[in-house]
Visitor: 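Here it is, the structure in full.
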Amino acid sequence: MVVILLGPPGVGKGTQAARLADAEGWEHVSTGDLLRAARRDGTDLGKKAQAFMDAGELVPDSLILDLVRDHLKGVAPEAGILFDGFPRTTAQAEGLGGVLGQVHRRVDAVVVFEAPDETLVQRLSGRRSCPDCGAVYNVHQNPPAKEGICDRCGGTLVHRADDKPETVRHRLEVYQELTAPLIAWYEKAQARLVRVPADRPVDDVQAAFRAAVR
Ligand code: AP5
């Protein structure tokens, strides 16, 4: 099964994808997480991506496609794959189609999470992330047991630089301009596309997500 999870910043893609991928033993491919790991490791890609990410702009398609191609080399050909935050442009969707075609696979389902902008801005203002293990918390909805410390690995939690309100607003504009058109693109390509209201408790969204990919 190859599933794409689309949706604006803060809608809960990472939270839900991690849960579903863990439960199903699927490969969770988050280009945001891969880019943040590259930045932490100080790789060339990480250095090139840094300014785009901090400004809330998309990283250029060619860098993202190389990153995904490279990552997929380490994934078993028959593994379930859940793409989170990728593709984000038509060029990336076309590139993904090519990569999957080479191994005789295709996109089986596209799930679109939806929530009002006010919810997204509020969630991102309260998000705290662990740069060491990738765990995600929310100071309002899902705080860690000890303020500022990751429950899972003891790392120091951070408020991502791109979660500042003005950068979040820009990321929402970029989503509407470059990524939201992929919904119509996949509908035209006759992919199975399911919209999931994501302005609900985490467990309810997870249940709807599971139903969408069943
Ligand atoms: P990326 O890391 O992919 O960010 P994003 O898509 O903007 O999504 P977020 O991580 O902000 O949010 P999310 O939907 O995963 O929500 P989360 O589960 O954390 O990308 C960052 C940057 O990298 C981009 O701006 C770009 O520069 C670059 N990039 C990445 N991929 C790229 C690509 N393909 N092409 C080009 N550039 C790329 O939840 C948010 C908060 O809400 C958390 O605090 C969580 O605890 C809380 N929450 C989640 N669900 C619920 C719920 N149901 N109820 C209440 N709270 C909830």
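Only heavy atoms go into these numbers, but all of them, side chains included; no hydrogens, no water, no symmetry mates. Just so you know, ligand 1 is whichever comes first in the structure, and atom 1 is the first atom listed for that ligand.
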Visitor: As an exercise, identify every atom of ligand 1 less than 4.0 angstrom from a heavy atom of Y137.
Guide: 43 (C), 44 (O), 46 (O)
Visitor: Can you tell me which residue and heavy atom of the protein come closest to atom 29 (N) of ligand 1, and the distance to 0.1 Å?
Guide: L35 CD1, 3.5 Å
Visitor: Could you please spell out the steps behind the side-chain contact (heavy atoms from CB on, under 4.5 Å) verdict for W26 and V213?
Guide: CA-CA 12 Å; W26 289 356; V213 301; 4.1 Å; yes
Visitor: Heavy-atom contacts under 4.0 Å between V202 and ligand 1: side chain, backbone, both, or neither?
Guide: both
Visitor: Under 4.0 Å from any heavy atom of G14, which atoms of ligand 1 are there?
Guide: 13 (P), 15 (O), 18 (O)
Visitor: For atom 35 (N) of ligand 1, which protein heavy atom lies nearest, and how many Å away is it?
Guide: Q92 NE2, 2.9 Å
Visitor: With respect to atom 30 (C) of ligand 1, which of E57, R88, R128 exhibits the smallest heavy-atom separation?
Guide: R88
Visitor: Who pairs with I149 by side-chain contact (heavy atoms from CB on, under 4.5 Å), at least two apart in sequence or on another chain?
Guide: K146
Visitor: I need the nearest protein heavy-atom contact for atom 37 (N) of ligand 1: residue, atom name and distance, please.
Guide: V59 N, 3.0 Å
Visitor: Measuring only between side-chain heavy atoms, which start at C-beta, is L35 closer than 4.5 Å to I64?
Guide: yes
Visitor: Does ligand 1 have any atom sitting under 4.0 Å from a heavy atom of R36?
Guide: yes
Visitor: Between R123, R200, R171, M53, flag the one that comes closest to atom 23 (O) of ligand 1 by a heavy atom.
Guide: M53
Visitor: Can you tell me which residue and heavy atom of the protein come closest to atom 13 (P) of ligand 1, and the distance to 0.1 Å?
Guide: K13 N, 3.5 Å
Visitor: Taking atom 16 (O) of ligand 1 as the point of reference, which of A17, G12, P201 owns the nearest heavy atom?
Guide: G12
Visitor: Considering T15, T31, L6, which one's heavy-atom position lies nearest to atom 49 (C) of ligand 1?
Guide: T15
Visitor: Would a 4.5 Å heavy-atom cut-off, applied to side chains only, mark R171 and D162 as touching?
Guide: yes
Visitor: Give the atoms of ligand 1, by number and element, whose distance to some non-hydrogen atom of Q141 is under 4.0 Å.
Guide: 55 (C), 56 (N)
Visitor: So is S30 polar-close to ligand 1, meaning N/O to N/O under 3.5 Å?
Guide: no
Visitor: Please identify each residue that fulfils side chain to side chain donor-acceptor pair (under 3.5 Å) with R106, with sequence neighbours left out.
Guide: none
Visitor: Applying side-chain contact (heavy atoms from CB on, under 4.5 Å) between F86 and each of L6, L34, L65, report the one that passes.
Guide: L65
Visitor: Using heavy atoms and a 4.0 Å limit, tell me yes or no: is G10 in contact with ligand 1?
Guide: yes
Visitor: So, do I4 and P87 sit near enough that their side-chain heavy atoms are less than 4.5 Å apart?
Guide: yes
Visitor: Counting non-hydrogen protein atoms only, what is the nearest one to atom 9 (P) of ligand 1? Give residue, atom name and distance.
Guide: R127 NH1, 3.3 Å
Visitor: At the 4.0 Å heavy-atom cut-off, does R160 count as touching ligand 1?
Guide: yes
